[in-house]
There are 2 protein chains.
Amino acid sequence: MTQTLTPPKTYNEALKRGHYYLQTVGFNGFSFQDLANDLGIRKASLHYYFSSKEDLGLALIKEYEKYFNNFTKKNAKLPAIQQLEAWLKYCYGMTKDHQKLCPIGVLTCELNTFSSKMHKSLAKFQSNQRRWAHQTLKQGIKEKAFRKNLDTSWAADIFLESIQGGLQIARLHKKPALFQKTLKGLLKSFS
Amino acid sequence: MTQTLTPPKTYNEALKRGHYYLQTVGFNGFSFQDLANDLGIRKASLHYYFSSKEDLGLALIKEYEKYFNNFTKKNAKLPAIQQLEAWLKYCYGMTKDHQKLCPIGVLTCELNTFSSKMHKSLAKFQSNQRRWAHQTLKQGIKEKAFRKNLDTSWAADIFLESIQGGLQIARLHKKPALFQKTLKGLLKSFS
DNA sequence: GTCTATAACGAGATAGAC
DNA sequence: GTCTATCTCGTTATAGAC
């Protein structure tokens, strides 16, 4: 009925294309012009939604985190190993979708070109993922999916780091199967 | 005596600073102007050495590979585990040196903004590293440093991918120790 | 081998009309 | 909410003097 109920279509489309570019060419690899072309509007119009590029960057990270939180909530009742496998499946999908990378990996490479606000936002997001991985791995031990003496703190870190690096190497050699093999093997080594 | 014997000081300095920038802000994160400022010359002068930025990029990768080949040759007679540990030590040093990243990781994130020439050069470099890791891991089994049934193909991939991702996460949280812990743990898990 | 000067372009950002 | 128009700046790259 009122304008607050109508969905901000342009805003959402911009975020969607922003995510695409971020994961394929990096945050510094695309411009307002690129987004504007895709949306069929002028780049000046984008400043109505995002006052600056940093503003866009913060919105993109926030959106990623929203998706991630939704994902973990949706799968919270599954056995731990299935939760971790579901995340791997989602990441594996990136290798087939324009060889996208993990956004955290991309942004970390560009980190020194960002403001501290974006830096902090990204670090918080990664800590969030790390907390989930750690807790899920601990749950997996209780469920006997992983060995009792597994160092879950270490496992959480290497799991997330390997996803990042694995997606990057898979892109380099155009070999999605490489990601699959490495990460499945890592999960198996936790047993 | 002749000019071919005098070292091309400017050229080498440019490569050195190029490496620094590549690993701290990415290849697209610095300009000829940055290099020129550091060297105390005009940016136009750099085109005497590098006809284009792509040309500079190719030279930087070639230089990395030269260093790597030298490194492996130098340590070739050490036990396998010491060779791998030496490489980890070198990478760990990056975390303390302006939080540098693995150049392959950085360049892979920016890959879609590069020419196919640079893409191929980078892929070849990574394959070279992968071959070394694989062969060294196999040697480590013979030397009883790693378990007999270790999947060395898998181990080589996860080793290199974790280095990449590990350096990135260490930068994000400004925690060099994180890299150390993850990678030492991985190597130990191969036993 | 380094310089000045300049071309050609694309970036982020803003003012103000509609 | 989207537009035109414009500003300012930084980028790669080239021509030609010294």
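All heavy atoms count here, side chains included; hydrogens, waters and symmetry mates do not. A note on names: the letters A, B, ... follow the listed sequences, proteins ahead of strands, and every chain is numbered from 1.
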Practice task
Mind calculating the distance between CG (B/Leu39) and P (C/dT2) to the nearest angstrom?
Solution key: 9 Å

Practice task
Report yes if a side-chain nitrogen or oxygen of A/Tyr49 is closer than 4.0 Å to either non-bridging phosphate oxygen (OP1 or OP2) of D/dT2; otherwise report no.
Solution key: yes

Practice task
For this output row, return yes or no: ring centroids of A/Phe32 and A/Phe50 closer than 6.0 angstrom.
Solution key: no

Practice task
Figure out the CD1/P separation between B/Ile41 and C/dC3, and round it to whole Å.
Solution key: 6 Å

Handout entry: Closest contact, heavy atoms only, A/Cys91 versus A/Leu167
Key = O-CD2, 3.5 Å

Exercise for the section: Classify the nucleic acid contact of B/Phe50 as base, sugar-phosphate or nothing, counting any heavy atom under 4.0 Å across all strands shown. Expected result: nothing

Completion exercise
When A/Asp34 and A/Ala44 are each assigned the nearest nucleotide of DNA chain C, the 5'-most assignment goes to A/Asp34

Problem - N-O pairing of A/Lys66 and A/Glu63 below 4.0 Å - result: yes

Problem - Contact under 4.0 Å: B/Ser51 side-chain N or O vs D/dA13 OP1/OP2 - result: no

Problem - Integer-rounded Å distance: C/dG1 C1' and B/His47 NE2 - result: 15 Å

Handout entry: Nearest-Å distance for atom pair CD/P, residues A/Gln33 and D/dC9
Key = 21 Å

Problem - Atom-pair distance (CD on B/Glu13; P on C/dG1), nearest Å - result: 15 Å

Fill in the blank from the handout: B/Leu35 CG to C/dT2 P, in whole Å, measures 14 Å

Practice task
Tell me which nucleotide among D/dT2, C/dT14, D/dT12 gets nearest to the side chain of B/Lys53.
Solution key: D/dT12

Problem - A/Lys43, nearest nucleotide to its side chain (from C/dT4, C/dG12, C/dT2) - result: C/dG12

Exercise for the section: Verify the contact: side-chain N or O of B/Thr10 to OP1 or OP2 of C/dT2, cut-off strictly under 4.0 Å; return yes or no. Expected result: yes

Handout entry: Donor-acceptor side-chain pairing of A/Asn37 and A/Gln33 below 3.5 angstrom
Key = yes

Exercise for the section: Give a yes-or-no answer on whether the side chains of B/Gln139 and B/Glu143 include a donor-acceptor pair shorter than 3.5 Å. Expected result: yes

Exercise for the section: Verify the contact: side-chain N or O of B/Ser52 to OP1 or OP2 of D/dT12, cut-off strictly under 4.0 Å; return yes or no. Expected result: no

Practice task
Report which part of the nucleic acid B/Phe32 touches: base, sugar-phosphate, or nothing (heavy-atom distance under 4.0 Å, all strands).
Solution key: sugar-phosphate

Completion exercise
A/Asn37 CG to C/dG10 P, in whole Å, measures 11 Å

Exercise for the section: Return no unless some side-chain N or O of B/Ser31 is found under 4.0 Å from OP1 or OP2 of D/dT11. Expected result: yes

Completion exercise
note: B/Arg42, atom CZ; C/dG1, atom C1'; distance rounded to Å ~ 14 Å

